[in-house]
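Working notes, beginning with the structure itself.
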Amino acid sequence: MAGLEFKDIRKSYGNVEVIKGVDLSIEHGEFVVFVGPSGCGKSTLLRMIAGLEDITDGDLFIGDKRVNTVQPRDRGVAMVFQSYALYPHMTVYDNVGFGLRLNKTPKDERDAKIREAARILQMENLLDRRPAQLSGGQRQRVAIGRAIVRNPDVFLFDEPLSNLDAALRGSMRMEISKLHQQLDATMIYVTHDQVEAMTLADKIVVLNAGVVQQIGSPLELYNYPANLFVAGFIGSPQMNLLPVTVEAVDERTVTVASSDVPSTRIPVASARGIRGGDSITLGLRPHLLAHSEVGGITGKVLLVEHLGNETIANFALNSGEQLVAALPGSAELSNGVTLSLGFDVADARLFGTDGTAIPVADRPFR
Amino acid sequence: MAAVTETNHALKLTGRYALLVAVALIFVLPILFMVVSSLKPDRQLLSDTSSFAAFLPVGDISVGNYFAAFDRAPVGLFIFNSVFITVVTVVISLFLCSLAAFAFAYLEFRGKNIVLSVIIATLIIPFETIAIPMLMVVNSLPWIGAEGLQWGWLNTYHVQIVPFLADALTIFLFVQYFKDLPKELIEAARLDGATWFEVYRLVIVPIAGPVFATAAILKFLIMYNQYLWPLMVTQSEQFRPVMVGLQYFFQLNTAWGEVMAYLSMITIPVLVFYLVLQRAFIASIASTGIKG
């Protein structure tokens, strides 16, 4: 039973700071995903929880215990590595039971735990094999089994699915999700794949360049990105980010326009700090754009991808900017056609001159 | 056209085999000469050297030289001394050097790279240059043995063992191998609750068989072939190894047959050791540079 608490956690290699002060609290039983581009520090943060990297500054608590200087084995964590890290000279049975053997668990108990883990992961028939005789998916199961038997307070996953093919990744993702419900343990999962992040997480932590960009539920991040980075990172296809100029401001609305976007009044919770003439960014989700007869944004179709259930269309706008729209699967489009796209002003998001989101009016979430 | 290519191919193959056979002969003939000569009386041995008969067991063949060699020198004792010194040194040095390499490869400590560089730098210092200073050092070291505390290590087994327990080449071999192993294996073991020594014993040693075999063979050969150092530090027959024992056969009149018989006998432990480890040795050479 353990949550985690990060208090201004920092990590430096020499003079280079890679984690620049992370504050975060994770409840017991939560599934938290660290997501971000390569080199954003997400794996480093995970390894700091595991005790594989020193914490340069700040405090890390697991449960009530400050663990900054606690040995990895005494932290109550188990980790699943991207490369699985199975011991090549041991059978699956010995791999899974290695931790129990080290802490001198009696043989009967050890055997029962190994078999129970094998049952949960449906790999009873693999117990006598060596890692070299297993497929990628099977190795991944063994790696998870090795974590399960130790009955840790916190499970750590470091990009565990990135070496698997797409189909297997999908099914393993479901299994990990099921496992989380079954075990009622805290899980922290690192990935650069935002689909994994969206489908698995109770809470997503978006990182960039060692700084937390936003913490929230998948839908919160999708609907209310805190800044341009999150807006661009979460959601596929990416949110369209168009430069616009502020024409008029009052307390509850901001009117923006550009050569591509006709003058539009967008409701906001507070327009503090915004002035007429500011260059800001308008964010529009591709799925919230629709074909409209009049007004809207006009563009020429550059490329059409028919996916069956929907049609992804790339448009070139007058200014040279590009726009992506996800239209119904039945939309019949061909390259070169000019089309007008409309959107509901309540779905539009504005990002100020510094890239942070301008608060949205009538936000149903916290 | 096809016929030409086929002939070409056959020629190339023949050429290749001829070369291989020639190289094999260069390596095999001296050994064959040694074994065959050990079976011949001196006069025939010398006269045969002018013809190919030197490599053939023809003429007056007997094992008389072997008996004579045993009469001239305590061959059994020399072989025992060499095997004892070599095996003890190999076993302890593999343990110590692999542990040192483990620390260099996986642990973080201040000055690690400098220490490793210094160790590796010692590779270029020939043993002959440090032999005299080393002799002076061991001559004034204490040792607690069966007879209590004594000063000076000369004329013992341990003077032939202890100075060679750790060496740069063996440490270097292990460091290179360990650095190529996936780091996650060690991290996984640490998280599984292993102490550093358990990581070494239960995870690293079992998968490092090839490098242990390579290091063992190299160390065995170096130790078994020791000549200068044992010559300097042993005065009594009791502790002398095989190479020093060779002197017994080059006194007033050299009996070549006996020399060859002695050499044949002292080659046997090397062959046995190599045959036992050859599979792992070849595997390790074959896998050098290939990451699993």
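Proteins get letters first, then strands, A, B, ... in listed order; numbering begins at 1 in each.
Gln82(A) does not touch chain B: none of its heavy atoms, backbone or side chain, sits under 4.5 Å away. Heavy atoms closer than 4.5 Å to chain B are found in the side chain of Arg101(A), but not in its backbone. Heavy-atom distances place no part of Ala78(A) under 4.5 Å from chain B, backbone and side chain included. In this structure, the portions of Glu187(B) lying under 4.5 Å from any heavy atom of chain A include both its backbone and its side chain.
Within a 6.0 Å radius of CD1 in Ile114(B), no more than 12 heavy atoms belonging to other residues, nucleotides or ligands are found. Atom CZ of Phe109(B) is surrounded by more than 12 heavy atoms from other residues, nucleotides or ligands within 6.0 Å. Annotation: Asn125(A), atom CG; neighbour count of heavy atoms from other residues, nucleotides and ligands within 6.0 Å is above 12. Residue-environment remark: CG (Asp165(A)) exceeds the threshold of 12 foreign heavy atoms within 6.0 Å. Counting non-hydrogen atoms of other residues, nucleotides and ligands closer than 6.0 Å to NZ of Lys107(A) gives a total of 12 or fewer. Enclosure of atom CD1 in Ile124(B) is not indicated, since only 12 or fewer non-hydrogen atoms of other residues, nucleotides or ligands lie within 6.0 angstrom. Within 6.0 Å of CG in Leu19(B) there are more than 12 heavy atoms belonging to other residues, nucleotides or ligands. Environment of CD1 in Ile31(B): sparse, with no more than 12 heavy atoms of neighbouring residues, nucleotides or ligands closer than 6.0 Å.
Minimum interatomic distance between Arg190(B) and Arg73(A) (heavy atoms only, all atoms of both residues): O-CB, 3.6 Å. Across every non-hydrogen atom of Phe98(A) and Ala189(B), the tightest pair is CE2-CB, 4.2 Å. Minimum interatomic distance between Pro88(A) and Ile207(B) (heavy atoms only, all atoms of both residues): CG-CG2, 3.6 Å. In plain terms, the two heavy atoms of Arg150(A) and Asp192(B) that are nearest each other are CD-OD1, 3.3 Å.
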Practice task
Show your working on side chain to side chain contact (heavy atoms under 4.5 Å, CB included) between Leu191(B) and Phe81(A) and close with a plain yes or no.
Solution key: CA-CA 11 Å; Leu191(B) 280 165; Phe81(A) 292 86; 4.0 Å; yes
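Summarising the geometry, atom CG belonging to Asp94(A) is positioned 11.0 Å from atom CG belonging to Leu202(B); distances are rounded to the nearest 0.5 Å. Taken from CD in Glu184(B) to CG in Leu86(A), the straight-line distance is 11.0 Å, to the nearest 0.5 Å.
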